[in-house]
A.B. asks: 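The following block contains the structure, expressed as structure tokens.
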Amino acid sequence: MTYIGRFAPSPTGPLHAGSLVAALASWLDARAHGGCWLVRIEDVDATRCHADLPRRIMRQLLQHALVPDAEPAVQSQRHAQYQQALNQLIGRSLAYPCTCSRKQIAGHWAGHGQSPQRHGERVYPGTCRPQRGAAPAPVPAQPHAWRLDIAACLQRQGLPADAATVWNDRRLGAQQQVVTQAVGDFVLRRADGLWAYQLAVVVDDADQGVTHVVRGEDLADNTARQIVLQQALDLPTPRYLHTPLVRGTNGEKLSKQNGAEALPEGQEPQALANLQAAARVLDLPPAQAATPHQALAQWTDAWRRRWAD
Ligand code: GLU
Ligand code: ZN
């Protein structure tokens with residue numbers, strides 16, 4: 001089997017205990033399948049990223065003996081590929097421009113006495129969505145976002161707008177989401193020109209030939225959106241495995257906001273200790289090892305037995 005996996009850190013901070021779990025799990029899954037392991041620097045949101053962090057992250061991975069099989073891909077250098085994908089969606093009448101402000105979207109829901117929300121982001125009510133079959137509206141002169149017309153994407157697959165998008169997560173089992181209701185027509189490119197994570201990740205996974213996505217469980221509920229987008233672009237859907245999360249002091253996913261510290265740096269014993277902690281989160285037995293390399297070899301065998309599919 002051809003297996004290509006990836007670890008896709010956002011360089012908003014150095015690796016911490018939580019991101020090491022995702023890195024270790026994706027590395028182990030790739031090695032256990034005799035596959036390739038790639039790293040992708042997800043710096044589309046330049047306002048939140050620091051220029052020196054990609055190098056620091058790569059150094060941290062190396063210290064933990066997590067070495068990618070190719071030079072890392074860098075999202076900020078892939079504007080042309082994202083634009084091409086957006087053009088393709090526009091050409092298929094699957095994307096449309098949107099000039100709504102956050103305030104207008106909130107105002108819409110206030111008028112309806114309800115306000116569906118998702119992670120603080122309100123479900124888009126479809127204000128700018130063109131009528132089905134109508135000629136596309138002219139592209140507005142003022143700054144505008146581009147949104148995906150989910151119902152049109154589903155219709156292209158012969159499905160109704162309320163069809164659930166389903167997938168089978170290797171760890172979480174059967175999953176589903178009615179994307180039109182749970183999320184609505186999400187943004188592909190923001191009005192300020194930044195590419196949305198959903199578009200970038202789908203284009204990159206396809207361009208890098210990624211067959212298996214292994215990432216933190218906090219990202220699981222992006223999967224249905226990404227599948228809709230893959231289908232709209234006629235791209236294959238990889239297999240997904242979402243790993244357990246390291247929790248911060250407030251019980252939420254460990255992040256810079258709730259106390260994630262950069263991984264303690266040091267010599268091999270420190271790297272090994274960091275890896276042992278990450279392995280515990282993944283329910284792997286403690287390694288009887290003197291070096292990161294030895295530990296990784298033991299866990300690769302354990303992982304192969306457990307996550308064979
Ligand atoms: N860049 C994302 C993050 O750091 C991960 C994206 C993914 O694995 O799909 O949270
Ligand atoms: Zn709009």
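All of these numbers come straight from a predicted model, not from anything done at the bench. Remember, it's 1-based here, ligands and their atoms both numbered in the order they're listed. Reckoned from all heavy atoms, side chains included, excluding hydrogens, waters and symmetry mates.
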A.B. asks: Return the set of protein N, O or S atoms whose distance to the Zn ion (ligand 2) is under 2.8 Å, each given as residue and atom.
C.D. replies: Cys98 SG, Cys100 SG, Tyr124 OH, Cys128 SG

A.B. asks: Is the count of non-hydrogen atoms from other residues, nucleotides or ligands lying under 6.0 Å from Gln142 atom CD greater than 12?
C.D. replies: yes

A.B. asks: Can you confirm whether more than 12 heavy atoms, excluding those of Gln88, are under 6.0 Å from its CD atom?
C.D. replies: yes

A.B. asks: Working to the nearest 0.5 angstrom, can you tell me the gap between Gln75 CD and Asp45 CG?
C.D. replies: 10.5 Å

A.B. asks: Between Arg147 and Tyr124, is NZ or CZ placed under 6.0 angstrom from the six-membered ring centre and within 45° of the ring axis?
C.D. replies: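 Judged by the rule (NZ or CZ under 6.0 Å from the ring centre, within 45° of its axis), Arg147 counts as positioned above Tyr124.
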
A.B. asks: State which residue, out of Asp205, Asp207, Asp29, fulfils the salt bridge (Lys or Arg N to Asp or Glu O under 4.0 Å) condition with Arg6.
C.D. replies: Asp205

A.B. asks: Side-chain donor-acceptor pair under 3.5 Å between Thr223 and Arg215, yes or no?
C.D. replies: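 Arg215 and Thr223 do have a side-chain donor-acceptor pair below 3.5 Å.
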
A.B. asks: What I want to find out is whether Arg171 reaches Asp169 closely enough, with some N-O distance under 4.0 Å, to be called a salt bridge.
C.D. replies: no

A.B. asks: Count the heavy atoms of every other residue, nucleotide or ligand shown that sit under 6.0 Å from NE2 of His293, and state whether that count exceeds 12.
C.D. replies: no

A.B. asks: Who's touching ligand 1 if we go heavy atoms under 4.0 Å?
C.D. replies: Arg6, Ala8, Ser10, Glu42, Tyr197, Val201, Arg215, Leu219

A.B. asks: Between the side chains of Thr291 and Glu268, is a donor N or O closer than 3.5 angstrom to an acceptor N or O?
C.D. replies: no

